Protein chains: 2
Amino acid sequence: MYLFIFVPEFKQGDSMDSKKIEKISRAISDPSRIQILQQFRKKRECLHCSEIHDMLDLAQPSISHHLKQLVDADILLPEKEGRNLKYVLNKPVLDEYIAFLSSLQA
Amino acid sequence: MYLFIFVPEFKQGDSMDSKKIEKISRAISDPSRIQILQQFRKKRECLHCSEIHDMLDLAQPSISHHLKQLVDADILLPEKEGRNLKYVLNKPVLDEYIAFLSSLQA
DNA sequence: ATAATATATCGAAACATTTGAATGTTTAAA
DNA sequence: TTTAAACATTCAAATGTTTCGATATATTAT
């Protein structure tokens, strides 16, 4: 599969800066957060906070913490719906992260 | 700018398990280790331990520690050359990791 | 064998992350 | 406007990570 992606202000040598790569990697480096991300394979559009609470045997503040990591890393985009929250994958950022990884290889 | 990048197919059969995704992500989530990986964009083939020592202002045990993280995560493959060590990128594993990431998106 | 070089391991200090109880904030319904 | 539900923040304990000095191991040259 090939991806034809637009990368704003891509400069040869540094696509995403290292700090952002670090933050994204760290966000993905946790079992609960990986489980959250994997739900997007089943449920393509968005995830509601309550669904995440159902699937992760963790207290509410812990889930809030994990979602914050993913949002701060810009992998998930939060959307308010009244007093509920839903999240969508930030595909451009994921693509940039993938582009960084593939740029390491010849 | 546009990037036309190859994204390996994600197959249900040989998908990486979450533990491995976690380990790889954690290995990448450090500034020094990202710097090591970025050297593969310049120097395509392999990296010698001594070059890493030169570019990372860290004590030798710290560098040894970081390289261990990358090797344990299976991102780098160590090759002994007498009393020296060199490292090559494990491209199949990087591809699997990329495949996992792209499988999250529709 | 001995010395020198390259790398690994141990141990401890400093620092960061994860977790949940308690509590705060925001929004909507009654 | 009181109440309830959804989510965030604070704090502290437990745990994990990073760093380096000291030391160990392995390889090669003398």
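Below, chain A is the first sequence line, B the second, and so on; all start at residue 1. Side chains included, hydrogens not; waters and symmetry mates left out as well; all remaining heavy atoms used. The structure presented is a predicted model; accordingly, all values stated were derived computationally and were not measured.
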Item to check | Between P of dA16(C) and CD of E22(A), the distance in whole Å | outcome: 11 Å

Checklist outcome for this item: Testing dG20(C), dT7(C), dC7(D) for proximity to the side chain of Q60(B), the answer is dT7(C)

Checklist entry - Closest to the P61(A) side chain: dC7(D), dA21(C), dC10(C)? => result dA21(C)

Checklist entry - Within this structure, what is the NZ-to-C1' distance between K68(A) and dT9(D), rounded to whole angstrom? => result 10 Å

Next on the checklist: side chain to side chain contact (heavy atoms under 4.5 Å, CB included) for I24(B) and E96(B)? Distances and angles first, verdict last.
Outcome noted: CA-CA 11 Å; I24(B) 292 173; E96(B) 275 186 77; over 6 Å; no

Next on the checklist: Just N and O in the side chain of H66(B): are any of them under 4.0 Å from OP1 or OP2 of dT19(D)?
Outcome noted: yes

Item to check | Residue whose closest nucleotide on DNA chain C lies nearer the 5' end, A59(A) versus R26(A) | outcome: R26(A)

Next on the checklist: Would you say that more than 12 heavy atoms from the other residues, nucleotides or ligands in this model lie under 6.0 Å from the CG of D17(B), or not?
Outcome noted: yes

Checklist entry - Any side-chain heavy atom of L85(B) sitting closer than 4.5 Å to one from E79(B)? => result no

Item to check | Nearest-angstrom distance from the residue atom CG of L58(A) to P of dC7(D) | outcome: 15 Å

Checklist entry - Looking only at side-chain N and O atoms, does S62(A) come under 4.0 Å of OP1 or OP2 in dT18(C)? => result no

Checklist entry - How close or far is atom P of dT18(D) from atom CD1 of I28(B), stated in whole angstroms? => result 13 Å

Checklist outcome for this item: E81(B) atom CD is separated from dT7(C) atom C1', nearest whole Å, by 14 Å

Checklist outcome for this item: Separation of dT25(D) atom C1' from K80(B) atom NZ, nearest Å, is 10 Å

Checklist entry - Would you call D74(B)-K20(B) a salt bridge at under 4.0 Å N-O? => result yes

Next on the checklist: Quick check on DNA chain C: between R83(A) and H65(A), whose nearest nucleotide comes earlier from the 5' end?
Outcome noted: H65(A)

Checklist entry - Does a side-chain N or O from S64(B) land closer than 4.0 Å to OP1 or OP2 of dA8(C), or not? => result yes

Checklist entry - Is R33(B) near enough to dT18(D) that one of its side-chain N or O atoms lies under 4.0 angstrom from OP1 or OP2? => result yes

Next on the checklist: If I take atom CG in residue D72(A) and atom P in nucleotide dT17(C), what distance separates them, rounded to the nearest angstrom?
Outcome noted: 12 Å

Checklist entry - N84(B) has an atom CG; how far is it from atom P of dA8(C), in whole Å? => result 11 Å

Checklist entry - Checking R33(A) side chain against A27(A) main chain: does a donor-acceptor pair fall under 3.5 Å? => result yes

